[in-house]
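Predicted, not measured: the structure shown is a model, and the values here were computed from it. The figures that follow rest on heavy atoms only: side chains count, while hydrogens, waters and symmetry mates do not. Convention: sequence-line order gives letters A, B, ...; per-chain numbering from 1.
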Protein chains: 2
Amino acid sequence: MELLDETDLKILRILQNDAKKTTKDIAKQLHLTASPVYERIRRLEKKGYIKHYVAILDKKMLNRPVTAICMVSLRYHNEGFIDTFEQQIKELVEVQECYHMAGKVDFFLKIHLEGLEEYHEFVRSKLSKIHNIGVLESYFVLKEVHNTTAIDF
Amino acid sequence: MELLDETDLKILRILQNDAKKTTKDIAKQLHLTASPVYERIRRLEKKGYIKHYVAILDKKMLNRPVTAICMVSLRYHNEGFIDTFEQQIKELVEVQECYHMAGKVDFFLKIHLEGLEEYHEFVRSKLSKIHNIGVLESYFVLKEVHNTTAIDF
DNA sequence: CGTGAAATGATTCTGAT
DNA sequence: ATCAGAATCATTTCACG
């Protein structure tokens, strides 16, 4: 089940940093022609190594300058309660990421908003509507020191 | 300075979910032809609304199944210390995101690793080499409930 | 697995409204 | 701003080493 060789890995490293690189450019960089690069990319997509392609937008220019991190602990931890919580969170469009955690808290949310007032409103009218939340701790991002979708491998 | 109309917003919403949609497809969806869509995308790129295009890869298939969240508090908070910390963090390839926070902790890190042993090794040989770290709290992701790069606007 | 060339289709540009 | 068409360039397929 050794599916990827060094060439595949190089292609993935290039595409996760710039998905607009042409197969021709990638081929040149890897001293190949376009066809094998094309076929490899197709294979990497089909096998699921590449999940999808996205444009990364500027949050501030789109009027979502505030990033909040919420740490949530549930009151009850039955399976049903956890599933319900997850379903309800997925319906909140402000929530970009939600992880079920091991550690002192149960869930971890990353939220993008227009401002602090909107955060207050988000907590008041949306989060608080979700029952079973025990503890809610809020943090705000002062500065994005580093933020990439690429992973190191 | 009202630069974006509803058509621009629609284009951005499409591209942040699927950057491989062709201008032709987008044009059809918006009842336009390829040329204006093409020009708008170029303008959105040039003005900085679109930062870049990336491929989203499958972490597990690339042998980085463990996501850890670190909450770090510094011992000293002078400007120089903070800058130094940020510089050092940026050099750690395992760190995908790092935010300077307002709240009970100073920094917030998201880290992708091969396993728990590698996390131990990461803390032992890399994080602990950064002086000025006061408190370090670790959390591990049990389940990705929701994770997107798209924002709602 | 690779190459190179041919067919297809998308992008980019031009001229006009 | 938009459209329609033409030119250019990238993607995709295929015959072959």
Chemist: Between A/Lys59 and A/Glu144, is a salt bridge (charged side-chain N to carboxylate O under 4.0 Å, His left out) present by the stated rule, with each step listed?
Modeler: CA-CA 12 Å; A/Lys59 294 183 283 289; A/Glu144 266 192 32; 2.9 Å; yes
Chemist: When the distance from CD of A/Glu6 to C1' of C/dC1 is rounded to whole Å, what number comes out?
Modeler: 17 Å
Chemist: From CG of B/Leu15 over to P of C/dT11, roughly how many Å is that when rounded to an integer?
Modeler: 11 Å
Chemist: Measure from NZ on B/Lys21 to C1' on C/dT11 and round the result to the nearest Å.
Modeler: 18 Å
Chemist: Between B/Ile50 and B/Ile11, is there a shared hydrophobic cluster once you connect ILVMFWY residues whose side-chain heavy atoms come closer than 4.5 Å?
Modeler: yes
Chemist: Select one nucleotide: of C/dG2, C/dA10, D/dT2, the one nearest the side-chain heavy atoms of A/Arg40.
Modeler: C/dG2
Chemist: Within this structure, what is the CG-to-P distance between A/Asp25 and D/dC9, rounded to whole angstrom?
Modeler: 13 Å
Chemist: I need the NZ-P distance between B/Lys20 and C/dT11, as an integer number of Å.
Modeler: 11 Å
Chemist: Provide, to the nearest angstrom, the distance between the CG atom belonging to A/Asp18 and the P atom belonging to D/dA10.
Modeler: 14 Å
Chemist: Which one, D/dA10, D/dT2, C/dT11, comes nearest to the side chain of B/Tyr38?
Modeler: C/dT11
Chemist: Give, for atom CZ of B/Arg40 and atom CG of B/Leu32, the distance between the pair rounded to the nearest 0.5 Å.
Modeler: 7.0 Å
Chemist: When you measure from the side-chain N and O atoms of B/Thr23 to the phosphate of C/dT11, is any distance below 4.0 Å, counting only OP1 and OP2?
Modeler: yes
Chemist: Would you call B/Glu91 and B/Lys129 a salt bridge, taking side-chain N to carboxylate O under 4.0 Å as the test?
Modeler: no
Chemist: Roughly, in whole Å, what's the span from CD1 in B/Ile26 to C1' in C/dT11?
Modeler: 12 Å
Chemist: How do A/Glu39 and A/Lys24 order along DNA chain D: which one's closest nucleotide is nearer the 5' end?
Modeler: A/Lys24
Chemist: Verify whether the ring centers belonging to A/Tyr119 and A/Phe140 lie closer than 6.0 Å.
Modeler: yes
Chemist: Ignoring hydrogens and angles, answer whether the base of C/dC13 and the side-chain atoms of B/Ser35 contain a donor-acceptor pair closer than 3.5 Å.
Modeler: yes
Chemist: Atom CG of B/Leu32 to atom P of C/dT17: distance rounded to whole Å?
Modeler: 20 Å
Chemist: Nearest to the side chain of B/Arg42, heavy atoms from C-beta on, is which of C/dT12, C/dT11, C/dC1?
Modeler: C/dT12
Chemist: Can you tell me which nucleotide in D/dT12, C/dT3, D/dC3 comes closest to the side chain of A/Thr33?
Modeler: C/dT3
